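I have placed the structure first, in the form of structure tokens, so that the comments after it can refer back to it.
Computation of the quantities below employed the complete heavy-atom set of this structure, encompassing side-chain atoms and omitting hydrogens, waters and symmetry-equivalent molecules. Values in this document were obtained by computation on a predicted structure and should not be read as measured data. Chain letters run A, B, ... following the sequence lines, proteins first and then strands; every chain starts at 1.
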Protein chains: 2
Amino acid sequence: MLRVSKLTDYATEVMAALAAAPARVHSAQELTERVRLELPTVSKLLKQLASAGLIESFRGVNGGYRLARAPERISIADIVIAMEGPIGMTECSAQAGSCDHESHCGVRVNWQRINQAIAGALAGVSLADMIKPSPRRRAASIPLRVVGA
Amino acid sequence: MLRVSKLTDYATEVMAALAAAPARVHSAQELTERVRLELPTVSKLLKQLASAGLIESFRGVNGGYRLARAPERISIADIVIAMEGPIGMTECSAQAGSCDHESHCGVRVNWQRINQAIAGALAGVSLADMIKPSPRRRAASIPLRVVGA
DNA sequence: CCTAAAGTGTACCAAATCGGTACTGATTAG
DNA sequence: CTAATCAGTACCGATTTGGTACACTTTAGG
């Protein structure tokens, strides 16, 4: 199945939890209780999200994490990229030289277009969208139809 | 990196090779030479593509494989699904009951929307599109818009 | 019929990835 | 100075992935 890693999945849950109270600083411990995961796991992904600049960290007593931007300005693409690196559906479509088929592979360029389509789909959903219970509203703005079918 | 498996990648190359001469029957051996992979590997994915109904197989001497439909009527989504199963970016968004967070996870429904957007992006590119050298033409209709970054 | 060309099915193995854990260090409020 | 809390590193086990091996079936053609 084409899917993101569990860590990425968890990351969206944690980000959603942070987005529920964007102004407050949440400790890793508190977030752990919200998403029902082990502390080291939550800790690890929080660190990753922080180094990607999606959340701010505060050390020391009463420290914790807080969204770096408004939930409307953080997209699922941001989270996926923070956790898994650049979106590239195939090795060679992400960086050149990584695949020795390049010379005779006619589909590479087209995979790059697909990457962009998928990045667009992920970028079109914000964290604010994710915490809305109803899939109505901005849902319609997700680009669905692409080319042919 | 969010990506499809190598086998899926190879499968698109093999399908592209088949699409280059849709009427002819190609042996696995011949396709192996085109995509520069090992025969058992090509053989394995051809079998999988055949059982998904994307290609037809012919046994015996002068046997081989042929596209089951016109290249315009086979999408990248078809190939990805044939190789990796249903598109579901998270465990729980594909089938219910597979995740014990369901009760307190507010983002599940929204992942389902994202799945559909991605499936749409993949369904929108046909095999015929993939073998076109120029990324021009209908390319412009792929939604590109990005939110934050 | 017999043989060779070709696909089918099953099983298996090594390497990479992934998810998780442990432990130690650094920072800061009180 | 102490406790709370984030940061960094290292490691481990399980799963997945990619690849290989081998025995079986089907079919065209002599």
Side-chain angles (χ1 to χ4, degrees), chain A residues 1-14 18 24-33 35-66 68 80 83-85 88-91 98-101, chain B residues 1-14 18 24-33 35-66 68 80 83-85 88-91 98-101:
Chain A
M1 178 167 53
L2 174 64
R3 61 182 187 88
V4 297
S5 74
K6 277 192 192 177
L7 268 316
T8 303
D9 186 5
Y10 297 160
T12 61
E13 288 191 53
V14 168
L18 285 170
R24 222 178 75 234
V25 170
H26 309 246
S27 74
Q29 179 60 49
E30 180 198 334
L31 293 168
T32 295
E33 286 156 16
V35 299
R36 313 277 175 83
L37 296 169
E38 299 308 312
L39 179 56
T41 301
V42 172
S43 200
K44 179 192 274 187
L45 58 90
L46 281 168
K47 197 179 4 171
Q48 222 167 325
L49 291 167
S51 70
L54 299 184
I55 60 180
E56 291 174 311
S57 67
F58 302 92
R59 301 177 69 151
V61 179
N62 298 328
Y65 296 90
R66 189 176 61 185
V80 171
M83 300 302 296
E84 315 202 354
M89 295 292 283
T90 58
E91 290 298 335
S98 61
C99 167
D100 51 347
H101 294 181
Chain B
M1 178 167 55
L2 174 64
R3 62 184 187 88
V4 298
S5 75
K6 277 192 193 177
L7 267 316
T8 303
D9 186 4
Y10 297 160
T12 61
E13 289 192 51
V14 168
L18 286 170
R24 222 179 74 234
V25 170
H26 307 245
S27 74
Q29 179 62 47
E30 180 199 334
L31 294 167
T32 294
E33 285 155 18
V35 299
R36 313 276 175 84
L37 296 170
E38 300 307 313
L39 178 57
T41 302
V42 172
S43 199
K44 181 193 270 186
L45 59 89
L46 281 168
K47 199 179 0 174
Q48 221 167 326
L49 291 167
S51 69
L54 299 184
I55 59 182
E56 292 174 311
S57 67
F58 302 92
R59 303 178 67 153
V61 179
N62 300 326
Y65 297 91
R66 190 176 60 186
V80 170
M83 299 302 295
E84 316 202 355
M89 295 292 284
T90 58
E91 288 300 335
S98 59
C99 167
D100 50 347
H101 294 181

- line: Residues in residues 45-56 of chain A with a heavy atom under 4.0 Å of DNA chain C, by number, are none
Summary of side chain to side chain donor-acceptor pair (under 3.5 Å) pairs that have at least one residue in residues 42-52 of chain B, sequence neighbours excluded: none
task: For A/Phe58 and D/dA7, give me the distance from atom CZ to atom P, rounded to whole Å.
output: 11 Å
query: If you take all heavy atoms of A/Ala11 and A/Leu49, which pair is closest and at what distance?
result: CB-CD1, 4.2 Å
Protein and nucleotides 20-22 of chain C: nitrogen or oxygen contacts under 3.5 angstrom:
residue	atom	partner	partner atom	Å
C/dG20	N7	A/Lys44	NZ	2.9
C/dG20	O6	A/Lys44	NZ	3.1

For the student: nearest non-hydrogen atoms of A/Leu18 and A/Tyr65, plus distance: CD2-O, 3.7 Å
- request: Name all residues meeting the side chain to side chain contact (heavy atoms under 4.5 Å, CB included) criterion together with A/Leu7; count only those two or more places apart in sequence or in a different chain, and write none if there are none.
  value: A/Ser5, A/Tyr10, A/Thr41, A/Leu45, A/Met83
message: Looking at every heavy atom in both A/Ala68 and A/Gly53, which two are closest together, and how far apart are they?
response: CB-O, 3.4 Å
field: Length of the line joining A/Met83:CE and C/dT17:P, which is rounded to integer Å
entry: 16 Å
- prompt: Roughly how far, to the nearest 0.5 Å, is NE2 of B/His26 from OG1 of B/Thr32?
  reply: 13.0 Å
message: Return the CG to CG distance between B/Leu46 and B/Leu54, rounded to the nearest 0.5 Å.
response: 11.0 Å
Using a cut-off of under 3.5 Å, enumerate the N/O to N/O pairs linking the protein to nucleotides 26-30 of chain C.
residue	atom	partner	partner atom	Å
C/dA26	N3	A/Arg59	NH2	3.0

- request: Quick one: list whatever passes salt bridge (Lys or Arg N to Asp or Glu O under 4.0 Å) with B/Glu56, sequence neighbours left out.
  value: B/Arg66
field: Partners passing salt bridge (Lys or Arg N to Asp or Glu O under 4.0 Å) against B/Arg24 (at least two apart in sequence or in another chain)
entry: B/Glu30
- request: Starting at atom CD of B/Gln29, determine the distance to atom P of C/dA4, rounded to an integer number of angstrom.
  value: 18 Å
field: From A/Leu31 atom CG to A/Gln29 atom CD, the distance as rounded to the nearest 0.5 Å
entry: 9.5 Å
- prompt: For D/dT5, does either OP1 or OP2 sit under 4.0 Å from a side-chain N or O belonging to A/Ser57?
  reply: no
field: B/Asn62 vs B/Val25 side-chain heavy atoms within contact, under 4.5 Å
entry: no
query: Roughly how many Å is it from CZ in A/Arg24 to C1' in D/dT5, rounded to a whole number?
result: 16 Å
query: If only side-chain N and O atoms of A/Ser27 are considered, is one of them under 4.0 Å from the OP1 or OP2 phosphate oxygen of D/dA4?
result: no
task: Mind calculating the distance between OH (A/Tyr65) and C1' (D/dA4) to the nearest angstrom?
output: 13 Å
Rounded interatomic separation in angstrom, taking CD from B/Glu84 and P from D/dT17: 8 Å
query: Do the side-chain N or O atoms of B/Ser43 get closer than 4.0 angstrom to the phosphate oxygens (OP1, OP2) of C/dT8?
result: no
